[in-house]
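Here is the structure we will look at, set down as structure tokens.
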Amino acid sequence: MEPRRRERRAIAVVGAAALVAVGLNIALSAVAAHRRRKRRELPGFTAQVNLSAAEIKRIADRIISKSKETYDSVATVPLDKVSFANVIAPLAELDALQFPLVQACVLPRMVSPSEDVRKASAEAEKLLDSHFVLCRQREDVYRVIKAFAVKGERIGPEATRFLQFLVKEFEHNGVKLSQNKRKEMEKLKSHIDALNLKYLQNLNDFTKFLLLGEDELAGMPFEFLKDLEKADGKFKVPLTSYHVTPILEHCKVGSTRKQIAVAYGQKGGKDNLAILENLVQLRHKFAKLLGYTNYADFAIEPRMPRTSRKVLEFLEEMSEQLSDVANRELSILKDLKIKEEGNAQFGMEDLLYYFKRAEEFKVDLDIGEIKQYFPVSLVISGMLKMFQDLFALRFDEIKDVDVWHDTVRLFSVWDASSSDLLGYFFLDIFSREGKYAHTCVVTLQNGCLCSNGTRKVPAAVILSQCPIEFDGNSALLRFPEVVRLFHEFSHVVHHVSNRATISRFSGLRLEGDFAEIPSLLLENWCYESISLKMMSGFHQDITKSITSEACQSLKRRRDLFAGLKMKQEILLCLVDQIIHSSENVDIDDLIKDLHPKVMLGIPLLEGTSPASSFPRIAFGYDAVCYSYIWSEVFAADLFVSKFKDDLLNQHAGLQFRNKVLAPGGSKDPLEIITDYLGREPSVRPFIQSRTRNSL
């Protein structure tokens, strides 16, 4: 996943704000098509998606003007006259209006064929980002909102939750602080940002290499070696992940693996360790200014666990529950090493190599051959059919609409039973110059109930970089690309299934832990025969779908040594959580103490510190590295409890759609999942399902 989204940002990868231009009535040029199209009116959908650079600037100026006008109006409400109608409703309506307009300005940065438009879009994003921060720092507006909260006027649960979110957003921006304290907070933020960038810059500037002889690289494929430069008769091996990972996976020489692992593990070095220690102390100061005991509690409060203590308990339970199976997995790897290298100590440098060796023995799968069963068009059509069948949806393609490129397709989404219109999605999945390089979902329009009683429906874009068919040859996807596409389309279904009343709770603007749970749940269908067969077919004869044996092998490959792999993640998450929940922790000593305990006695590589080259812990996921594991565990519980025995059970799919997806952010996500399961979620289903095939 990308670095953690900021609430104020105009756009992000999965879980971003809505994108649509409201109130514009201009026929715009479809740049890629080089011809004029009349905009087609679509029920419940007001988006325009082809803005020029000038139009982007004009709309951004309008956004700021309207925002100031609304905030000024709220600020003038006398404290003894506050009501939902004159304080909260205007801000909710502003959010419903502004987010679509904001995102209309920002989407072109990711998709426009025009460099000028992309540049204008990026500039608008920076301008609007700064503006929204200033809005949430207005003391005059906060006083009025707080006065309404104290008044205790009876409002509905969704409106109450919106009010709570507003109060927290203002308070996290320092409105309760004195002017001096606020200046101190801003200095801390600037210092933290500068250190974040320095930490990342040190990693990017790391250009060291090793010179290794051909005998030291025994086992490496010819294709790998032929691309390496030579110096003094040896191969020059850059210490980048692109080169290091293949060596750790394939090199038969244990001393080479260790040499590479140690050298790469020193990336960032003492400089980054010092930066991280400084960062942690500054973050604690920042959190204490805002009234929190430590930084972890500040970062986790708006997320599902709510407290750092809950996260630590979760990680420790996971580590303990995995220990038995991880020990058995480690014994298998040690036996393999003894057979191949003699009675040598097993180290961290050996994990990837013996994972690969064990996979060769235990998984009968040619991953290159598997690719031939996933033509892009077949994957898309099969994926759409599966989601329609499972969730009782109907997708209708809409032709002759204004889009930003000729390869973009638009679909409407309907409830298959009631024929109610639920939303729209655009497929922009083929590669082209200037386009955002990763697979993600961006929401174009949030669903909400308008003040006039009409409803706007959700709309989203799924972006990817799939290859285009050439000379009649089918474009093929690697299996990981299939999984990513499936994962992201699950976010689309989550978005269009949303039935929240307030725009703030539509879209994918959810607690970070919750936003990923449905997509991680639905990834399971990528490893089951019935669903894989629906979206596969040999590229030269699509009637021949992937075999059941290959499906089983893909699943086994995913789960192989799941215990040890998860233990590695837990180690880093524990380090992240402990340093951000306690002060004056010596990070080096902490890792040296934790490493053998979590990793079952495998020693830390001498002279290395994972904290010096772990960007997530420094920037983007600070204090919330646990989130992905949390989401995986919840997703596994949902899958095992509700879907595992009948993967295409539409009744189960409808229940999930209505009880888990439909509320969006309008309810507490832990309550949503607990109510759906009829109990509190457990780690056991993950442990049992993922480790059953791990040996």
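Below, each value reflects all heavy atoms present in this structure, side chains not excepted, and no hydrogens, waters or symmetry copies. In this chain, residues are counted from 1 in sequence order.
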* Backbone N or O of I687 within a donor-acceptor pair of the Q321 side chain at under 3.5 Å? -> no
* To do: For L333 and R357, run side chain to side chain contact (heavy atoms under 4.5 Å, CB included): C-alpha distance rounded to whole Å, both residues' side-chain angles, the deciding distance at 0.1 Å, then the answer.
  => CA-CA 9 Å; L333 298 180; R357 295 289 286 147; over 6 Å; no
* To do: Verify whether the ring centers belonging to F314 and Y626 lie closer than 6.0 Å.
  => no
* Asked: Would one find more than 12 heavy atoms of other residues, nucleotides or ligands at under 6.0 Å from atom CG of D232?
  -> no
* Would you call E277 and K270 a salt bridge, taking side-chain N to carboxylate O under 4.0 Å as the test? -> no
* Asked: Are C466 and L477 side-chain neighbours, meaning at least one heavy-atom pair lies under 4.5 Å?
  -> yes
* Donor-acceptor under 3.5 Å (K258 side chain, L605 main chain) -> no
* Using only heavy-atom distances, determine whether the side chains of D271 and N202 contain a donor-acceptor pair under 3.5 Å. => no
* So do F391 and L522 actually touch side chain to side chain, heavy atoms under 4.5 Å? -> yes
* Consider only side-chain N and O atoms of S490 and H487, and report whether a donor and an acceptor are under 3.5 Å apart. => no
* Asked: Looking only at heavy atoms, which two atoms of S431 and P467 are closest? And how far apart?
  -> OG-CA, 4.5 Å
* Go through the steps for F479 and Y527 under the test ring-ring contact (aromatic ring centres under 6.0 Å, His included), then give the verdict. => CA-CA 10 Å; F479 182 69; Y527 297 92; 5.5 Å; yes
* Is atom NZ of K642 surrounded by more than 12 heavy atoms (other residues, nucleotides or ligands) closer than 6.0 Å? -> yes
* Look up atom CZ in R679 and atom CD1 in I673, then write down how far apart they are to the nearest 0.5 Å. => 11.0 Å
* Under a 4.0 Å N-O cut-off, is there an ion pair linking K339 with D335? -> no
* To do: For the pair E569 and R616, evaluate salt bridge (Lys or Arg N to Asp or Glu O under 4.0 Å) and give the outcome as yes or no after the intermediate values.
  => CA-CA 12 Å; E569 285 293 314; R616 280 189 295 158; 3.3 Å; yes
* Asked: Shortest non-hydrogen contact from I617 to H580?
  -> O-CE1, 3.9 Å
* So is R478 actually on top of F374's ring, under 6.0 Å and inside 45° of the axis? -> no
* What about F656 and Y676, are their ring centers closer than 6.0 Å? -> yes
* Are any side-chain N or O atoms of D637 and backbone N or O atoms of S682, one a donor and one an acceptor, separated by less than 3.5 Å? -> yes
* State, with a plain yes or no, whether a side-chain heavy atom of C551 is found less than 4.5 Å away from one of I546. => yes
* With distance as the sole test, does E229 use its side chain to make a donor-acceptor pair with the main-chain N or O of F235 at under 3.5 Å? -> no
* Asked: Which distance, rounded to the nearest 0.5 Å, do you find between the OG of S631 and the CD1 of I517?
  -> 5.0 Å
* Asked: So R484 and S464, side chain to side chain donor-acceptor pair (under 3.5 Å) or not? Walk me through it.
  -> CA-CA 9 Å; R484 277 197 295 273; S464 192; over 6 Å; no
* Asked: Using a distance-only test with no angle check, is there a side-chain donor-acceptor pair under 3.5 angstrom linking E349 and Y264?
  -> no
* To do: Give the ring-plane orientation class for F643 versus W525, where under 30° counts as parallel, over 60° as perpendicular and anything between as tilted.
  => perpendicular
* Sidechain N-carboxylate O distance under 4.0 Å for E511, R306 -> yes
* Backbone N or O of F619 within a donor-acceptor pair of the N196 side chain at under 3.5 Å? -> no
* Asked: So, N327 side chain and D324 main chain: donor-acceptor pair closer than 3.5 Å or not?
  -> no
* Is there side-chain contact between H250 and F224, with at least one heavy-atom pair below 4.5 Å? -> no
* Quick one: do K267 and T608 satisfy side chain to side chain donor-acceptor pair (under 3.5 Å)? Show the steps, please. => CA-CA 8 Å; K267 189 176 182 180; T608 69; over 6 Å; no
* Asked: Between the side chain of K567 and the main-chain N/O of S319, is any donor-acceptor distance below 3.5 Å?
  -> yes
* With rounding to the nearest 0.5 Å, note down the distance linking OG1 in T691 to CZ in R328. => 7.5 Å
* Asked: Can any side-chain N or O of Q577 pair as donor or acceptor with the backbone N or O of L574 at less than 3.5 Å?
  -> no
* What are the two closest heavy atoms between R257 and C251, and how far apart are they? -> NH1-O, 2.8 Å
* To do: Show your working on side chain to side chain contact (heavy atoms under 4.5 Å, CB included) between L322 and I570 and close with a plain yes or no.
  => CA-CA 10 Å; L322 286 165; I570 289 171; 3.8 Å; yes
* Using a strict 4.0 Å threshold on nitrogen-to-oxygen distance, state whether K555 and D559 make a salt bridge. => no
* Pairwise distance CG(L604) to CD(E606) - rounded to 0.5 angstrom -> 8.0 Å
* Without swapping roles, check the side chain of S641 against the backbone of L638 for a donor-acceptor pair under 3.5 Å. => no
* Asked: If only atom types and distance count, is the side chain of S627 paired as donor or acceptor with the main-chain N or O of V624 below 3.5 Å?
  -> no
* To do: Report yes if some heavy atom in the side chain of S613 is under 4.5 Å from a heavy atom in the side chain of F206; otherwise report no.
  => no
* Asked: How are the rings of H438 and Y436 set relative to one another: parallel (under 30°), tilted (30 to 60°) or perpendicular (over 60°)?
  -> perpendicular
* To do: Carefully, step by step, assess T240 and T207 under the rule side chain to side chain contact (heavy atoms under 4.5 Å, CB included).
  => CA-CA 8 Å; T240 66; T207 57; over 6 Å; no
* Asked: Where is the tightest heavy-atom contact between L279 and A618, given as atom of each residue plus distance?
  -> CD1-O, 4.0 Å
* Output yes when E316 and R309 qualify as a salt bridge under the 4.0 Å nitrogen-oxygen rule, no when they do not. => no
* Heavy-atom neighbours of K565 NZ exceed 12 at 6.0 Å -> yes
* Asked: Nearest heavy-atom pair of A475 and E469: which atoms, and what distance?
  -> N-CG, 3.7 Å
* To do: For residues P238 and V244, report the shortest heavy-atom separation together with the two atoms involved.
  => O-CG2, 4.4 Å
* To do: Calculate, to the nearest 0.5 Å, the distance between atoms OG and CD belonging to S548 and E528 respectively.
  => 11.0 Å
* Compute both the distance and the angle, then confirm whether K252 meets the cation-pi test with Y353: under 6.0 Å from the six-membered ring centre, within 45 degrees of the axis. => no
* To do: Please step through side chain to side chain contact (heavy atoms under 4.5 Å, CB included) for the pair E359 and R556, ending with a clear verdict.
  => CA-CA 9 Å; E359 183 182 308; R556 185 165 177 76; over 6 Å; no
* To do: Indicate the ring-plane relationship of Y373 and F538, choosing parallel, tilted or perpendicular according to the 30° and 60° boundaries.
  => tilted
* Asked: Can you check whether K236 reaches L228 side chain to side chain, under 4.5 Å on heavy atoms?
  -> no
* **CD on Q201 to CD1 on I275, rounded to 0.5 Å** => 10.5 Å
* Asked: So F387 and F489, ring-ring contact (aromatic ring centres under 6.0 Å, His included) or not? Walk me through it.
  -> CA-CA 9 Å; F387 278 98; F489 191 75; 5.1 Å; yes
* To do: Over 60° means perpendicular and under 30° means parallel, so classify the ring planes of W630 and F634, tilted if in between.
  => parallel
